[in-house]
Amino acid sequence: MGALSGLKPERVFTFFEEIAQIPHGSGNVEAISDYLADFAGERGLQCLQDAVKNIIIIKEATPGYEREPAVILQGHMDMVAVQKPGLQIDMTREPLRLAVDGDRIYAEGTSLGGDDGIAVAYALALLDDDTLQHPRLEVVITVDEEVGMDGARAIDLSMLQGHRLLNLDSEEEGIFLTSCAGGARINCLVELPCQSMGGTAYELTVGGLQGGHSGAEIHKQRGNSNVLMARLLQKLAGSVKIGLSQCRGGLADNAIPRVTTARVLVEKGEEERLESLVAEYQGILGQELATRDPGVFVTASAQGPASESCLTGGDLRRAADYLYGLPWGVQAMSADVPGLVETSLNLGILQVEEGRISAEFSVRSCVDSSKQALLDKVRGLTALAGGCCEVTGDYPGWAYRVDSPLRNKMVALFEEMYGEKPRLEAIHAGLECGILAAKIPDLDGISFGPNMYDIHTTEETLSISSTQRVWDYLVRLLALKD
């Protein structure tokens with residue numbers, strides 16, 4: 001018996017649990033893609049698996065729906081795979097450890113992959129049930145959405161007939177997303193000379209932060225452990241004779257990092273000064289983040305005498321000034337949509353070793369020129385520090401459609417079923433809808449889904465009751481004729 005056995009809708013949770021048994025972090029999607037292809041083959045459904053492992057599955061219309069417009073159901077098969085420090089699990093090989101707590105499903109010690117495993121489970125449940133009424137269904141499940149929407153970028157959609165898109169990659173029930181920001185990754189590299197240094201080694205840690213999705217939670221102004229570590233290093237470099245041997249923080253460019261560690265060496269006799277400054281910084285952050293990140297902590301753990309290659313002196317100060325001087329967080333709010341972040345960036349991954357500084361950002365904006373301006377600013381600051389940048393995964397935003405028959409139909413059905421209108425919103429997070437809209441002329445799309453919480457973190461959960469309600473709505477929607 002599986003952990004989700006007996007939950008309703010049964011088919012949806014059966015497939016969700018099957019998906020959870022297959023490791024499917026971004027970049028590790030071959031097994032999940034093959035599972036989807038086998039699923040289609042076993043049911044005699046038309047299936048296309050392309051060279052990058054995207055999947056398209058077609059199910060023809062049921063009797064009486066042959067003349068209804070085809071519907072594209074879309075989601076992605078990869079997940080952000082993160083785990084709690086010290087947890088003994090290999091997420092590239094081992095299944096998720098699903099559990100239930102009241103109305104919520106979670107994975108023990110890791111992210112859940114509800115984003116976007118629930119879209120895949122919904123689609124498979126629809127394809128598996130021959131009792132449901134629906135038009136031609138064109139299920140599009142892409143790879144590596146979480147690391148730049150590479151699958152959506154590569155996929156050939158010329159075989160599709162549909163011009164109506166149901167994107168199932170949203171996390172708040174009752175909210176229909178109608179447009180989203182565009183974005184890009186920018187990877188920065190700066191190399192500075194190291195020197196051999198002896199002294200007392202310390203492990204510095206900035207942690208206890210909530211983290212979150214760099215699009216969905218960036219407006220909450222939670223602490224970014226990479227940025228906070230850069231601030232600490234800047235503080236120490238100006239006050240104590242230290243060297244930086246290593247620094248690591250963050251797991252994905254689009255996840256706000258929660259923990260960053262650094263290994264530093266301090267000259268003999270300076271240990272007490274270093275510990276005092278770290279304790280002082282702990283107090284400062286405790287006050288600054290008391291509401292936004294009340295669990296924040298900063299520690300300095302002595303590791304004993306050592307001699308290592310380190311960034312020291314002026315080079316360390318340049319490194320710290322560069323990292324802390326880079327822009328981060330919300331850069332501008334929309335003047336057109338109240339409460340919507342227009343432009344932001346997130347320092348998601350930071351690594352320093354042997355003088356090689358690597359900083360990876362996710363940049364987002366609903367204004368293409370503002371996105372480009374922010375990329376140019378990061379590139380210019382990196383050049384001043386003697387480094388270089390590479391921009392990858394650039395994707396367009398998804399523009400709001402004024403005339404949308406699909407939106408009108410969905411709003412009317414929602415109001416009929418639940419007695420209230422859904423909220424129509426634009427979001428700062430990126431969706432694949434913009435890329436797909438560039439491939440399919442006159443695409444009419446909406447993104448929606450069940451309630452999920454703390455996606456891209458080890459606290460991620462999925463609401464069982466919300467999953468049921470969204471399933472009921474989806475089934476009714478597909479059975480509703482124009």
Side-chain angles (χ1 to χ4, degrees), residues 9-16 18-19 32-33 35-50 53-77 116-143 145 151-152 155-170 176 404-407 409-410 413-414 431-433 436-437 439-450 467 470-482:
E10 186 174 357
R11 266 193 176 90
V12 173
F13 285 122
T14 295
F15 286 119
F16 188 83
E18 287 188 13
I19 293 164
I32 187 70
S33 179
Y35 162 84
L36 296 171
D38 290 343
F39 167 93
E42 290 166 2
R43 290 156 181 80
L45 300 173
Q46 181 183 355
C47 178
L48 173 66
Q49 183 183 46
D50 67 17
K53 297 298 182 176
N54 289 312
I55 290 286
I56 298 175
I57 303 174
I58 308 295
K59 187 173 185 179
E60 295 297 340
T62 55
Y65 285 78
E66 295 87 350
R67 295 188 178 182
E68 293 299 305
V71 172
I72 304 168
L73 296 167
Q74 194 267 324
H76 58 89
M77 67 183 79
D116 196 23
I118 194 60
V120 180
Y122 277 144
L124 297 184
L126 289 168
L127 294 170
D128 189 56
D129 192 342
D130 291 332
T131 69
L132 301 177
Q133 296 176 309
H134 55 76
R136 173 180 161 104
L137 299 180
E138 301 176 333
V139 174
V140 176
I141 305 176
T142 54
V143 302
E145 185 268 355
I155 198 167
D156 180 1
L157 301 178
S158 59
M159 68 179 292
L160 301 188
Q161 298 177 12
H163 291 267
R164 292 187 177 182
L165 170 70
L166 300 179
N167 171 275
L168 297 166
D169 191 15
S170 293
F176 291 172
S404 171
L406 175 62
R407 184 175 67 241
K409 182 178 181 178
M410 291 181 66
L413 176 62
F414 190 94
L431 293 171
E432 294 169 297
C433 302
L436 301 183
K439 295 173 181 279
I440 301 174
D442 197 35
L443 184 68
D444 188 2
I446 293 289
S447 180
F448 66 108
T467 300
V470 172
W471 169 253
D472 293 340
Y473 175 81
L474 180 59
V475 169
R476 285 276 303 274
L477 176 64
L478 294 173
L480 188 63
K481 295 184 176 182
D482 279 5

Which residue pairs satisfy the salt bridge (Lys or Arg N to Asp or Glu O under 4.0 Å) criterion with at least one member in residues 116-125, sequence neighbours excluded? none
Where do [X] and [Y] come nearest, in terms of heavy atoms and distance?
X	Y	value
C47	A40	CB-CB, 3.6 Å
I57	F39	CD1-CD2, 4.4 Å
P405	R164	CB-NH2, 3.9 Å
K439	A152	CE-O, 2.9 Å
L137	H134	CG-ND1, 3.6 Å
G151	N54	O-ND2, 2.9 Å

Going by an N to O cut-off under 4.0 Å, is there a salt bridge joining K59 and D130? yes
Look at the side chain of [X] and the backbone N and O of [Y], then say whether any donor-acceptor pair between them is shorter than 3.5 Å.
X	Y	answer
N167	C433	no
E432	E145	no
H163	I440	no
E138	G162	yes
Y122	T467	yes
E66	G64	yes

Taking the side chain as every heavy atom from C-beta outward, state whether [X] and [Y] have any pair of such atoms under 4.5 Å apart.
X	Y	result
M77	V143	yes
Y473	L413	yes
I32	I19	yes
D482	K409	yes
L126	W471	yes
L157	I72	no
L73	L127	no
Q46	M159	yes

Pairwise distance [atom1]([X]) to [atom2]([Y]) - rounded to 0.5 angstrom:
X	Y	atom1	atom2	result
M410	L166	CE	CG	5.5 Å
I141	L124	CD1	CG	5.5 Å
K53	I155	NZ	CD1	13.5 Å

Does the pair I55 and V139 meet the rule for a side-chain contact (heavy atoms from CB on, under 4.5 Å), with working shown? CA-CA 8 Å; I55 290 286; V139 174; over 6 Å; no
Start with the C-alpha distance between I56 and L160, add both sets of side-chain angles, then the distance that settles side-chain contact (heavy atoms from CB on, under 4.5 Å), and finish with yes or no. CA-CA 9 Å; I56 298 175; L160 301 188; 4.0 Å; yes
May I have the step-by-step check of side-chain contact (heavy atoms from CB on, under 4.5 Å) for Q133 and Y65, ending in yes or no? CA-CA 8 Å; Q133 296 176 309; Y65 285 78; 3.5 Å; yes
Looking only at side-chain N and O atoms, does D169 offer a donor or acceptor that is under 3.5 Å from a partner on S447? no
Intermediate values then yes/no, side-chain contact (heavy atoms from CB on, under 4.5 Å), F448 and L474: CA-CA 10 Å; F448 66 108; L474 180 59; 4.0 Å; yes
